[in-house]
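Just so you know, ligand 1 is whichever comes first in the structure, and atom 1 is the first atom listed for that ligand.
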Amino acid sequence: MVQGHAAVVGTGPNGLAAAVTLARAGLDVVLFEAAPEIGGGLRSEALFDPRITHDICSAVHPMAAAAPFFRAFDLAARGVELVRPEISYAHPLDGGRAALAHRSLDATCAALGADGPAWRRLFGPLLRHSESLTGLFLSDLRRPPSSPLGALSFGLRALRGDPFRGEAASALFTGVAGHAVGEIAGLVGNAVALMLGHLAHASGWPVPRGGSGAIARALADDVTAHGGAFQTGHRVTDLGELAGFPLVLLDTGAKEFLSIARRQLPDRYARALSRFRYAPGAAKVDFLVSEPIPWANPDVGRAGTVHLGGTRAEMVRSERLASRGHLSDTPFVLVVDPGAVDPTRIVDGKRPVWAYAHVPNGDDTPPIDLVRARIERYAPGFGDTVLEARGITAAEYETYNPNYVGGDIGAGAMSLRQIAARPTPRWDPYTTPLHGVYLCSASTPPGPGVHGMSGYLAAASALKRHYGMRPPSLAPDARP
Ligand SMILES: Cc1cc2nc3c(=O)[nH]c(=O)nc-3n(C[C@H](O)[C@H](O)[C@H](O)COP(=O)(O)OP(=O)(O)OC[C@H]3O[C@@H](n4cnc5c(N)ncnc54)[C@H](O)[C@@H]3O)c2cc1C
């Protein structure tokens with residue numbers, strides 16, 4: 001146990017994970033949040049009907065299910081149920097066809113026909129090394145792998161990329177690579193497809209019962225139980241405001257850090273931060289609908305996540321357009337009908353549908369018609385079920401949360417360079433040139449997603465450097 005004060009700026013999953021870790025170590029933690037509500041990318045809200053919850057940002061949590069931070073924190077013991085669909089993700093194609101990634105590897109391979117053996121060869125060995133691969137990729141990316149064989153096997157597969165002959169398996173694989181926003185066709189896209197793709201057959205792609213806000217509440221409750229305090233509606237605009245805190249952890253993106261610390265940062269570091277690049281943006285639509293999505297292939301309705309991108313060639317083309325600043329009329333769209341997995345989300349037959357399209361960074365085209373048309377293509381009649389819809393353009397996302405620059409929901413492109421140097425080249429990526437000031441957002445390793453690891457690792461680094469202390473236990477029954 002240590003004594004002292006710490007400020008955490010931002011209450012996304014990483015800010016909350018940092019605060020949990022610091023508060024459990026004994027520090028008096030104050031969290032500052034610009035928005036009226038805590039949670040960052042974990043916020044859920046009733047948008048149209050007070051009984052129906054929509055996830056404003058994240059909805060599906062393969063990384064929260066697998067990350068060492070959340071496994072130690074133990075969401076289940078804190079009453080957060082991660083509900084795992086039997087079909088992790090689906091990829092509809094024209095003509096009522098669809099490729100399905102079941103949780104079961106056997107079921108997936110059986111349904112893929114001639115490409116089934118290749119799917120097994122690709123993912124089977126990774127499943128055997130799942131724990132060490134997850135530990136490696138959800139880390140500060142500075143440590144040697146605990147299983148060199150697993151890492152080698154992963155690396156060879158990532159170099160090779162899509163090994164499938166048939167359209168369906170190739171599209172299924174490439175749809176997961178699409179989570180690398182803008183990097184779909186290269187090494188990074190392949191690595192993301194292998195990492196998230198193998199988790200679909202391991203700990204699954206769950207949705208939290210009741211919505212993503214349940215995860216934020218569990219984290220915030222733990223912070224409060226260990227003496228932490230929240231100040232919402234307070235955007236920190238100058239680091240000088242926090243001069244009284246010997247430790248400051250920033251759950252802010254690179255651009256926001258530069259903005260609030262411009263006066264204090266050395267020029268060279270400030271220039272490096274200003275060179276940090278951003279990926280294409282997300283344009284989100286929340287629908288309230290009167291019935292399940294009428295997918296042409298009904299099996300798609302059993303999946304937790306649906307990728308709408310067409311064939312591999314179509315996805316590569318639309319992602320390339322978005323990266324080059326052009327809006328495709330058939331963008332890559334992700335769709336989640338949480339009610340398909342969690343019946344508590346359905347009230348009087350009405351249910352939320354969560355969807356977003358990959359669009360050029362900063363795009364301000366209202367997305368409702370675009371996304372509705374994209375869903376209609378694979379679910380004719382969807383438009384007739386829509387009761388309400390709200391769109392957020394990529395440009396508006398940055399106003400909602402300064403970390404999403406131009407709507408880049410990854411807080412910085414996941415190029416090879418920016419994976420290695422995130423946000424700038426430093427051996428300890430959470431440190432900054434300012435004594436006691438650490439970065440802990442998705443603009444640091446391991447990057448985007450709800451895994452809490454950037455926050456946890458930044459807090460661990462701060463505890464070690466300032467107090468010579470190892471991180472505390474995160475288990476629910478541990479008390480300071
Ligand atoms: C539409 C969308 C869909 C997504 N889907 C998924 C998904 O299904 N699964 C998944 O794992 N991930 C998903 N993500 C990504 C995920 O939400 C983020 O990667 C994750 O939330 C990043 O966490 P973070 O703590 O680094 O930052 P954030 O969650 O972005 O939180 C940062 C917080 O800091 C606050 N802040 C910033 N600057 C200041 C300041 N100066 N002063 C005070 N407060 C400040 C912000 O208001 C915000 O609350 C999605 C994101 C979006 C937008």
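- Under the 3.5 Å distance criterion, the side-chain polar atoms of Arg426 are matched with a main-chain donor or acceptor of Thr431.
- Checked against the 6.0 Å centroid criterion, the rings of Trp205 and His179 qualify as a close aromatic pair.
- A donor-acceptor contact closer than 3.5 angstrom is absent between the side chains of Asp251 and Ser441.
- Using a cutoff of 4.0 Å between basic side-chain nitrogens and carboxylate oxygens, Asp55 and Arg43 are not scored as salt-bridged.
- In summary, the side chains of Glu398 and Asn403 do not present any donor paired with an acceptor at a separation below 3.5 Å, with no hydrogens or angles considered.
- There is a side-chain donor-acceptor pair under 3.5 Å between Tyr438 and His466.
- Near ligand 1, Val9, Gly10, Thr11, Gly12, Pro13, Asn14, Gly15, Phe32, Glu33, Ala34, Gly40, Gly41, Arg43, Cys57, Ser58, Ala59, Val60, His234, Arg235, Val236, Asp251, Thr252, Glu256, Lys284, Trp354, Tyr356, Tyr397, Asn401, Pro402, Asn403, Tyr404, Ile409, Ser441, Ala442, Pro448, Gly449, Val450 each place a heavy atom less than 4.0 angstrom from the ligand.
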